[in-house]
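One structure is given below, encoded as structure tokens.
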Amino acid sequence: MTNSETKATLSFSDGSPSLEMPIYKGSIGPDVIDIRKLYGATGMFTYDPGFMSTAACNSSITYIDGDKGELLYRGYPIEQLAVNGGDFLETCYLLLNGELPNATEKADFVATVTKHTMVHEQMQFFFRGFRRDAHPMSVLVGTVGALSSFYHDSLDINDPHHREVSAIRLIAKMPTLVAMAYKYSIGQPFVYPRNDLSYSANFMHMMFSTPCEEYKVNEVLVRALDRILILHADHEQNASTSTVRLAGSSGANPFACIAAGIACLWGPAHGGANEAALSMLEEIGSVDNIPEFIAQVKDKNSGVKLMGFGHRVYKNYDPRAKLMRETCYEVLQELGLQDDPLFKLAMALEKIALEDEYFVSRKLYPNVDFYSGIVQRALGIPTSLFTGIFALARTVGWIAQWKEMISDPEQKIGRPRQLFVGAAKRDVVAIDKR
């Protein structure tokens, strides 16, 4: 970070000396005030629950403008990447390397990822230690963390080659582990990856093939999954990405850091939002019940929430939602599910939310979670696995952010501070005198 000639001055009403702090400008987005010397100079911390106004790092990977409804991966609008940017592995290459690949770079990258899709045969014994009804996210937290037990040759985080190998392994093996978690939950045998299929087609093959029937690749459905993965690949400094960075700041190995990110993503306010949106639709049950449901949502005392609408960052339409909406309709058309009761319910609710003044005035537009849940349901993916698909997509973003953090010379171990409101210092009294 270069020196800044622009300063912010912090003054105190009690007459204490004022403090000048540098202001830094990014390439786009808000400027930041460097408060690193605040505590040393004043003995005070800033107070920012949820880090709503705090930039915790430098990053050149992903940019969000919530007011404009804009999402950029390495400067490229998500709309262009999803439509014109090739498949998911091209997006992976972009996030990891900063530029889109040419034909030769793409072929080499795909070949490298494909060679690493297998997991060690002993991994199947880890799965046997879980109950069959274990949530797939708990299985993924355990098995992804366990990868560090098998790949000692890529755990030196200070070695650029080790970091690269770990990145490829995680991107390549996540589809295999997610598919294994699904197969284990339904009592079917694991399906090995196939090197002749694309990344997304191979995942669907591992999910839906059985010894009795080979999965027939449907390009419309594969393209839909590819779009889901591209739209969820990274999203700036969200909760799970910040968790990965915080874990990585301690020097933890990359497999442990990604496992930490998966654990954070599991939360219903984060990666579990599309699962919650579909559960909401199932609870509504019928188009006839929508008016009553909408009335409950508008009643502040009812406790009923409209899931899959609105976003913490986007104050305009989520740019990913428009793309996912198009994919949603393509998939329903391809599978002939337009008249399925659940999907008809979803489309009716969407129409009301886009037209009702209550939701429009509050900018509660359908977000990407609303549509992605419907698409995954149509693809045959069970609701319990939705967040696992999210983790599969986000792994490349986590890895890119982790690699960037490790390479940052200004990076220190994460150590948030607090406003302490507990008991002041006091003495312990013997138990017979309490």
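From H116, atom NE2 reaches atom OH of Y151 across 9.0 Å, with rounding to the nearest 0.5 Å. Rounding to the nearest 0.5 Å gives a distance of 8.5 Å between CG of D108 and OH of Y93. Atoms CH2 and OG, on W398 and S240 in that order, are 5.0 Å from each other to the nearest 0.5 Å. Distance check: F255 CZ to K173 NZ gives 8.0 Å after rounding to the nearest 0.5 Å. To the nearest 0.5 Å, atom CD1 of residue I23 and atom CG of residue D34 are 10.5 Å apart. Within the model, atoms CD1 of I230 and CZ of F88 stand 7.5 Å from one another, a figure rounded to the nearest 0.5 Å.
With sequence neighbours left out, the side chain to side chain contact (heavy atoms under 4.5 Å, CB included) criterion links A56 to no other residue. Every side chain to side chain contact (heavy atoms under 4.5 Å, CB included) that K68 has, sequence neighbours left out, goes to D65, E70. For N301, the side chain to side chain contact (heavy atoms under 4.5 Å, CB included) test picks out D299, with sequence neighbours left out.
Remark: D318 does not engage K363 in a salt bridge, criterion side-chain N to carboxylate O under 4.0 Å. A salt bridge does not link D156 to R163: none of the charged side-chain nitrogens sits closer than 4.0 Å to a carboxylate oxygen.
At distances below 3.5 Å, at least one donor-acceptor pair connects side-chain atoms of D48 with backbone N or O atoms of S53. Judged by distance alone, the side chain of Q124 and the main-chain N or O of E121 form a donor-acceptor pair under 3.5 Å. A donor-acceptor pair under 3.5 Å is formed between the side chain of T176 and the backbone N or O of T117. Checked by atom type and distance alone, the side chain of S154 never pairs as donor or acceptor with a backbone atom of H162 at under 3.5 Å. Within the 3.5 Å criterion, the main-chain N or O of F130 finds a donor-acceptor partner in the side chain of Y184.
When the shell of 6.0 Å around CZ of F150 is examined, it contains more than 12 heavy atoms from other residues, nucleotides or ligands. Sparse packing is recorded around CZ of R131, with 12 or fewer heavy atoms of other residues, nucleotides or ligands lying under 6.0 Å away. Counting non-hydrogen atoms of neighbouring residues, nucleotides and ligands closer than 6.0 angstrom, the CG atom of L38 exceeds 12 such neighbours. A 6.0 Å sphere centred on OH of Y47 holds no more than 12 heavy atoms belonging to other residues, nucleotides or ligands. Shown here is E105, whose CD atom has more than 12 heavy atoms of other residues, nucleotides or ligands within 6.0 Å. Heavy atoms of other residues, nucleotides or ligands lying less than 6.0 angstrom from NZ of K7 number more than 12. By the neighbour-count criterion of 12 heavy atoms within 6.0 Å, atom CZ of R426 is sparsely surrounded, having that number or fewer from other residues, nucleotides or ligands.
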*asked:* With side-chain contact (heavy atoms from CB on, under 4.5 Å) as the criterion, how do L323 and T327 come out once you've worked through the C-alpha distance, each side chain's angles and the decisive distance to 0.1 Å?
replied: CA-CA 6 Å; L323 298 161; T327 298; 5.7 Å; no

*Just do the salt bridge (Lys or Arg N to Asp or Glu O under 4.0 Å) check on D87 and K106 with the steps written out, would you?*
CA-CA 10 Å; D87 60 14; K106 167 76 179 295; 3.3 Å; yes

*Tell me, with the steps shown, if F309 and Y365 meet ring pair (Phe, Tyr, Trp, His ring centres under 6.0 Å).*
CA-CA 5 Å; F309 291 76; Y365 304 112; 9.5 Å; no

_Derivation of the ring pair (Phe, Tyr, Trp, His ring centres under 6.0 Å) call for F190 and F127_ = CA-CA 10 Å; F190 299 136; F127 284 88; 5.3 Å; yes

*Passes side chain to side chain donor-acceptor pair (under 3.5 Å), S16 versus D14? Steps please.*
CA-CA 6 Å; S16 298; D14 65 357; 2.8 Å; yes

*Hey, mind stepping through E99 and R74 against salt bridge (Lys or Arg N to Asp or Glu O under 4.0 Å) and telling me if it holds?*
CA-CA 7 Å; E99 300 292 342; R74 300 287 192 179; over 6 Å; no

*side-chain contact (heavy atoms from CB on, under 4.5 Å) between V421 and L419, intermediate numbers included*: CA-CA 6 Å; V421 293; L419 172 64; 4.3 Å; yes

*Would you check, one step at a time, whether the test salt bridge (Lys or Arg N to Asp or Glu O under 4.0 Å) holds for D369 with R320?*
CA-CA 9 Å; D369 298 309; R320 303 167 300 169; 5.7 Å; no

_E326 vs R227, test: salt bridge (Lys or Arg N to Asp or Glu O under 4.0 Å). Steps then yes/no._
CA-CA 10 Å; E326 295 172 0; R227 182 166 285 188; 3.7 Å; yes

*After noting the C-alpha distance and the side-chain angles of K305 and V297, does the key distance pass the side-chain contact (heavy atoms from CB on, under 4.5 Å) rule?*
CA-CA 6 Å; K305 293 183 179 180; V297 170; over 6 Å; no

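Pairing each heavy atom of A260 with each of T243, the nearest pair is O-CG2, 3.6 Å. The minimum heavy-atom distance between L231 and Y73, with the atom names listed, is O-OH, 3.5 Å. Residue A239 comes nearest to H270 through the heavy atom pair CB-CD2, 3.9 Å, listed as atom of the first residue, atom of the second, then distance. Of all non-hydrogen atoms in I78 and P319, the two that sit nearest each other are CG2-CB, 4.1 Å. Shortest non-hydrogen contact noted between V139 and A134 is CG2-CB, 4.1 Å. Between S250 and A247 the shortest heavy-atom distance is OG-O, 2.7 Å.
With no hydrogens or angles considered, no side-chain donor-acceptor pair links S18 and T9 at under 3.5 Å. Judged by distance alone, the side chains of R377 and T383 never bring a donor and an acceptor atom under 3.5 Å apart. Using a 3.5 Å distance cut-off with no hydrogens or angles, the side chains of S59 and E404 do pair a donor with an acceptor. Side-chain contact annotation: Q401 with Q237, donor-acceptor N/O pair under 3.5 Å present. Between the side chains of T241 and N238, at least one donor-acceptor pair of N or O atoms lies under 3.5 Å.
In this structure, the side chains of F126 and V119 stay at 4.5 Å or more apart for every pair of heavy atoms. Residues S185 and M180 form no side-chain contact, since every pair of their non-hydrogen atoms from C-beta on lies 4.5 Å or further apart. Using a 4.5 Å heavy-atom cutoff, the side chains of T62 and H235 are not in contact. Taking the side chain as every heavy atom from C-beta outward, Y24 and T6 never approach each other to under 4.5 Å. Between K412 and S249 there is no side-chain heavy-atom pair separated by less than 4.5 Å. Here the side chains of F370 and R325 are not in contact, with every heavy-atom distance at 4.5 Å or above. By the 4.5 Å heavy-atom criterion applied to side chains, I28 and Y63 are counted as neighbours. Counting heavy atoms from C-beta on, the side chains of L306 and M280 come closer than 4.5 Å.
Below 30°, between 30° and 60°, or above 60°: for F390 and H232 the angle between ring planes is above 60°, a perpendicular geometry.
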